[in-house]
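Attaching a single structure in structure tokens format; questions to follow.
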Amino acid sequence: MNFSFTLEELLRQAKKLKGKTVDFLLKHKEFDSGKGAIGNIIEREGFGIANNNESRPDFPELGVELKVLPLKRDTKNRLTVKERTKICSINYMNLINEKWVSSHAKNKLNKILFIFYEYNQKNPRHSKVIDYYLFNLDESDEPLLKSDWERTKREVELGRAHSLSESQNVVLAASRSGAGKLPESKWPEQPNQRIQKNARQRAFSLKPSFTKTLWHEVHYKNSLDKIIDKYKYSDAEGLENYILGQLNKWQGQSIAEFAKHHNIKKMTGKASNAFILRSALGFFDKKKQLKEIMQLGLSVKTVPCRSSDLFPWESMSFPYQPLGEIINEDRFDESEFYTYLQGFLFIPLLRDKREKQNSSTITLGKSVIWHPTHDELEDIQEEWEQIRNVIRDDLRVWKKVTNNKKGFVQKNNIPGESDTKYIHMRPHGRDSNDLDDSIKVKITKQSFWFNKSFIQKLISG
DNA sequence: GAGTGATCATGG
DNA sequence: CCATGATCACTC
């Protein structure tokens, strides 16, 4: 089976696959084994493409690359991207002689036919094609992809291919690929071997933050506003500086003044972070999220804090996660909590008292964007493991007599804010009857929180 | 004043 | 309705 498609035929074929399961595509053939099995099946049975690692696009005459992208259900049962999408292996020797416009990577990124399927963990054969989308690299995606590619090229030129890491880049990562346990002597050589001769094999991959955004655009049409429509940035740094610049024009102004200027009625409540950001950037459609904020993976947080020293009045909560899940998480970098740590845009709101005040006495502080560094993640990992281990091995819950209405509160031995530097765990339910039923011990729903002193450090710069 | 469990209130 | 961002009410 080997088809030669026109673009129309190709898209018609993609459309035909919608709703089909892997089982259906395979007819009675045997299920492939190993990594990427479902991707291979869809490419082969759906489009007649044999598993290959050619550098040309899958449909050379159309310049179209085919990518099969797995989706999974998130905690709210919505479909979201499961993992990164590999684009092409990196040849360190060639990379330093390439230019972005004619590069191997861009050649593959120009036109991609994405086939989205829902991965069925219980029975992979029941995984089902959900949708397709022909991606054209345009001006709204190119700057971030290009500046990531350039950054990686620069590192390789400097003879630092061995210290590349996924987190250096924003949307197009140089991620590890190939056999995991090869000895260093079997790694490919890098140019400029002043520091080290060999470097681990890596591939350019689209990060989940990029494909998540793409999926969002495909699935919820016209749902995103684009910052690039207001300001033409050329790299992530320029973009982040622009965002901060627009926000920090208002530093020192009260949020009442800010609200009045932007004609916002309500500046309080849980949507205030989005209001402030969107308004400062000149967007007024409340329904739409910002494409670049999603691509950068930034969580936007307002931080009420003390005017004198930026000490937050409250810790910052993360979503509730059943303890029964946490105790089964072995690796921090594969944990749910880790996925929340991509990046943050903190918007400090300064006030003198802890109690909520009139909006004319609350002023905007200096906003900060923070991406956790490798070292910071290691520190956080230690505390995450400490907390997980207590829940896993030695969780205890008891009642303590008090003067409140009920006459007692529920206590537990999970590390709290005074036991840690970065994160702690604390109740986070509707009330004290809102119990976590994922675990035998009767305990109120809990969640991770950032410690106040840690947030203070981050927003103090 | 900081830390802690509980609870409110909003928005999806 | 329920998860969750915000913050309250109490203790140490």
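Every heavy atom of this structure was used, including side-chain atoms; hydrogens, water molecules and symmetry mates were not. Order of the sequence lines sets the chain letters (A, B, ...), proteins ahead of strands, with each chain counted from 1. All values reported here derive from a predicted model rather than from experimental measurement.
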Please write out each protein N/O paired with an N/O of nucleotides 8-12 of chain B under 3.5 Å, distance rounded to 0.1 Å.
residue	atom	partner	partner atom	Å
dT10(B)	O2	K270(A)	NZ	2.8

Exercise. What's the CZ-C1' distance between R426(A) and dA2(B), to the nearest Å?
Worked result: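 Distance, rounded to whole Å: 11 Å.
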Problem set entry | Nucleotide dA2(B), atom C1' - distance to CG of L310(A) in whole Å | 17 Å
For this session: Could you tell me whether D229(A) and K291(A) have a side-chain N and a carboxylate O separated by less than 4.0 Å?
Result: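 Salt bridge: no.
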Exercise. Between F332(A) and F337(A), how do the two ring planes meet: parallel, tilted or perpendicular, split at 30° and 60°?
Worked result: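 The rings of F332(A) and F337(A) sit tilted, inter-plane angle from 30° to 60°.
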Problem set entry | Pairing of R331(A) and D333(A) as salt bridge, 4.0 angstrom limit | yes
For this session: Could you tell me the separation between the CZ atom of F454(A) and the P atom of dG3(B), rounded to a whole number of Å?
Result: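 Spelled out: CZ on F454(A) to P on dG3(B) is 15 Å.
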For this session: In whole angstrom, give the distance that lies between atom CH2 of W313(A) and atom C1' of dG1(B).
Result: 8 Å
Exercise. R351(A) or Y320(A): which one's nearest nucleotide on DNA chain C is closer to the 5' end?
Worked result: Y320(A)
Problem set entry | DNA chain C: 5'-most and 3'-most nucleotides touching chain A, 4.0 angstrom heavy-atom criterion | dA3(C) to dC12(C)
Problem set entry | Residue mapping more 5' on DNA chain B - nearest nucleotide basis, T444(A) or F311(A) |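 Of the two residues, F311(A) wins.
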For this session: In sequence, state the C-alpha distance, the side-chain angles, and the governing distance for E142(A) and L145(A), and then conclude on side chain to side chain contact (heavy atoms under 4.5 Å, CB included).
Result: CA-CA 5 Å; E142(A) 192 167 356; L145(A) 291 168; 5.6 Å; no
Exercise. Under 4.0 Å between a Lys/Arg side-chain N and an Asp/Glu carboxylate O for K128(A) and E118(A)?
Worked result: no
For this session: Decide, yes or no, whether a salt bridge links R84(A) with E166(A) under the criterion of side-chain N to carboxylate O below 4.0 Å.
Result: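 Counted as a salt bridge, because a side-chain N and a carboxylate O are separated by less than 4.0 Å.
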Exercise. Can a salt bridge be assigned to the pair R396(A) and D394(A) using a cut-off of 4.0 Å between side-chain N and carboxylate O?
Worked result: yes
Problem set entry | Residue whose closest nucleotide on DNA chain C lies nearer the 5' end, E355(A) versus N273(A) | N273(A)
Exercise. More 5' along DNA chain B: R306(A) or N433(A), using each one's nearest nucleotide?
Worked result: R306(A)
Exercise. According to a strict under-4.0 Å criterion, is S418(A) in side-chain N/O contact with OP1 or OP2 of dT4(B)?
Worked result: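 Yes, S418(A) has a side-chain N/O under 4.0 Å of OP1/OP2 on dT4(B).
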Seminar exercise, completed: Whole-Å distance, W449(A) CH2 to dT4(B) C1', equals 10 Å
Exercise. Looking across every strand, which nucleic acid part, if any, lies under 4.0 Å from N403(A) by heavy atom: base, sugar-phosphate, or nothing?
Worked result: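 If one applies the 4.0 Å heavy-atom cut-off, N403(A) turns out to touch the sugar-phosphate alone, with no base involved.
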For this session: Would you please classify the geometry between the Y220(A) ring and the H216(A) ring as parallel, tilted or perpendicular, with 30° and 60° separating the classes?
Result: tilted
Exercise. Rounding to a whole Å, what distance do you find between I443(A):CD1 and dA6(B):P?
Worked result: 10 Å
Exercise. Quick one: which of I326(A), N328(A), L323(A) gives a side-chain contact (heavy atoms from CB on, under 4.5 Å) with R388(A)?
Worked result: I326(A)
Exercise. Which part of the nucleic acid does T402(A) contact within heavy-atom distance under 4.0 Å: base, sugar-phosphate only, or nothing?
Worked result: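 Nothing, no heavy atom under 4.0 Å.
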Exercise. Is a side-chain donor or acceptor of W398(A) paired with a backbone partner of N413(A) at a separation under 3.5 angstrom?
Worked result: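 Side chain of W398(A) to backbone of N413(A), a donor-acceptor pair under 3.5 Å: no, none is there.
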Exercise. K445(A) near the nucleic acid: base, sugar-phosphate alone, or nothing, with a heavy-atom cut-off under 4.0 Å?
Worked result: sugar-phosphate
For this session: For K400(A) and dA6(B), give me the distance from atom NZ to atom P, rounded to whole Å.
Result: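 Between P of dA6(B) and NZ of K400(A): 12 Å.
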Exercise. Tell me: CD of Q410(A) to C1' of dT7(B), nearest whole Å?
Worked result: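 Rounded to the whole Å, the gap is 15 Å.
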